[in-house]
Amino acid sequence: MPMLSAYGTIRHRIVRRKGLSVIMDTIIATVAARVKTATSMVALTGAGVSAESGIPTFRGPEGLWQQYRPEDLATPQAFARDPRLVWEWYDWRRQKIAPASPNPAHEVLAHFEKIVPDFLLITQNIDGLHRLAGSRSLIEMHGSIWHVRCLAEGSVRENRAVPLGALPPRCPCGSLLRPDVVWFGESLSPDDQRRAFAAAESADVFLTIGTSALVQPAASLPIVAKDRGAFVVEINPVPTPISALVDAHLQGAAGVILPQILAAVAQH
Ligand code: APR
């Protein structure tokens with residue numbers, strides 16, 4: 001099957017605005033038909049899905065990693081060196097995320113869970129917005145910014161205090177707490193990883209949305225799905241390293257395109 005794309009390559013080298021929207025409509029109709037007949041579907045999301053909720057992404061011109069160095073703030077070594085600095089950054093991010101609401105992209109993904117028999121949402125986001133939108137068949141593969149873990153006991157509990165107060169926060173046992181998130185150099189929960197790859201291997205349709213497809217192991221999931229015969233769709237305003245591999249690339253904002261797909265599913 002040739003790649004469907006709303007930009008680039010032979011078919012669409014010279015495209016006027018009107019022509020582009022016709023092409024987009026055609027691709028959206030094709031994707032909707034696949035979604036409608038899918039018995040198993042996986043959606044992988046990244047920071048871009050929360051951009052329209054006002055939460056900054058990591059890469060790109062406005063991305064957090066333009067202003068901050070991950071090795072200073074998002075590694076176990078950084079935390080061991082300066083837990084207060086790391087917590088100040090997470091406390092700041094919690095203050096940015098706390099007032100944010102799910103956007104139409106989160107809402108459509110929560111709805112897919114109701115209409116596709118076997119649907120799994122895998123997110124790299126730690127902001128909790130998918131859960132807030134109602135998604136329950138959900139793997140938060142990088143953890144949650146709203147969970148803290150005791151370094152001594154390993155116990156995890158919810159903590160929604162914004163701001164956190166005295167930093168770094170401590171467990172009642174006296175030990176340091178850390179954010180229950182996956183930092184660079186750390187492994188994902190083996191169970192989450194196994195479930196995510198099993199779902200990608202058996203998906204009829206795989207959506208990759210708002211991720212730069214640069215961070216492993218998440219970046220391998222659409223490739224595994226494609227190898228196993230899934231129809232792979234990417235939604236992103238810019239091309240990524242996997243754009244050339246996908247069956248359909250929809251260039252644009254997730255909060256605009258996902259509602260169009262859902263509307264086309266309803267019409268189909
Ligand atoms: N809709 C869809 N995609 C968007 C939107 C939008 N409205 N706005 C931005 N994007 C795209 C960007 O073009 C970019 O490709 O979202 C992507 C965000 O990429 P990253 O910032 O790299 O985020 P992500 O892929 O989630 O990063 C993976 O890296 O630093 C770590 O742990 C962090 O989970 C994160 C991981």
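Order of listing sets the numbers, starting from 1, for every ligand and every atom in it.
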Inset, instruction - Ignoring hydrogens, just give me the one of His142, Gln251, Glu52, Arg59 whose non-hydrogen atom is nearest atom 27 (O) of ligand 1. - result: Arg59
Legend entry - From the candidates Ser243, Gly60, Ser212, Pro56, the one that places a heavy atom nearest atom 20 (P) of ligand 1: Ser212
At less than 4.0 angstrom from any non-hydrogen atom of [X], what atoms of ligand 1 do you find?
X      : result
Gly46  : 26 (O)
Trp65  : 30 (O)
Ala47  : 23 (O), 24 (P), 26 (O)
Phe184 : 30 (O), 31 (C)
Phe58  : 21 (O), 23 (O), 30 (O), 33 (C), 35 (C)
Ala253 : 1 (N), 6 (C), 7 (N)

Inset, instruction - Report the part of Val215 in contact with ligand 1, treating N, CA, C, O as backbone and CB onward as side chain, heavy atoms under 4.0 Å; options are side chain, backbone, both, neither. - result: side chain
Inset, instruction - Just let me know how Ala51 lines up against ligand 1, side chain, backbone, both or neither, with a heavy-atom cut-off below 4.0 Å. - result: side chain
Checking a contact table here: which protein heavy atom is nearest [atom], and how many Å away?
atom                    : answer
atom 6 (C) of ligand 1  : Gly48 O, 3.2 Å
atom 25 (O) of ligand 1 : Thr211 OG1, 2.7 Å
atom 11 (C) of ligand 1 : Asn236 OD1, 3.4 Å
atom 28 (C) of ligand 1 : Gln124 OE1, 3.3 Å

Side-chain donor-acceptor pair under 3.5 Å between [X] and [Y], yes or no?
X      : Y      : value
His106 : Ser50  : yes
Glu234 : Ser243 : yes
Thr45  : Thr123 : yes

Legend entry - Cation-pi geometry met for Arg178 and Trp183 (6.0 Å, 45°): yes
Inset, instruction - Treating Ile, Leu, Val, Met, Phe, Trp and Tyr as nodes and any side-chain heavy-atom pair under 4.5 angstrom as an edge, say whether Trp89 and Phe184 lie in one connected cluster. - result: yes
Is [X] near ligand 1, meaning one of its heavy atoms is under 4.0 Å from it?
X      : result
Gly255 : no
Trp183 : no
Val238 : yes

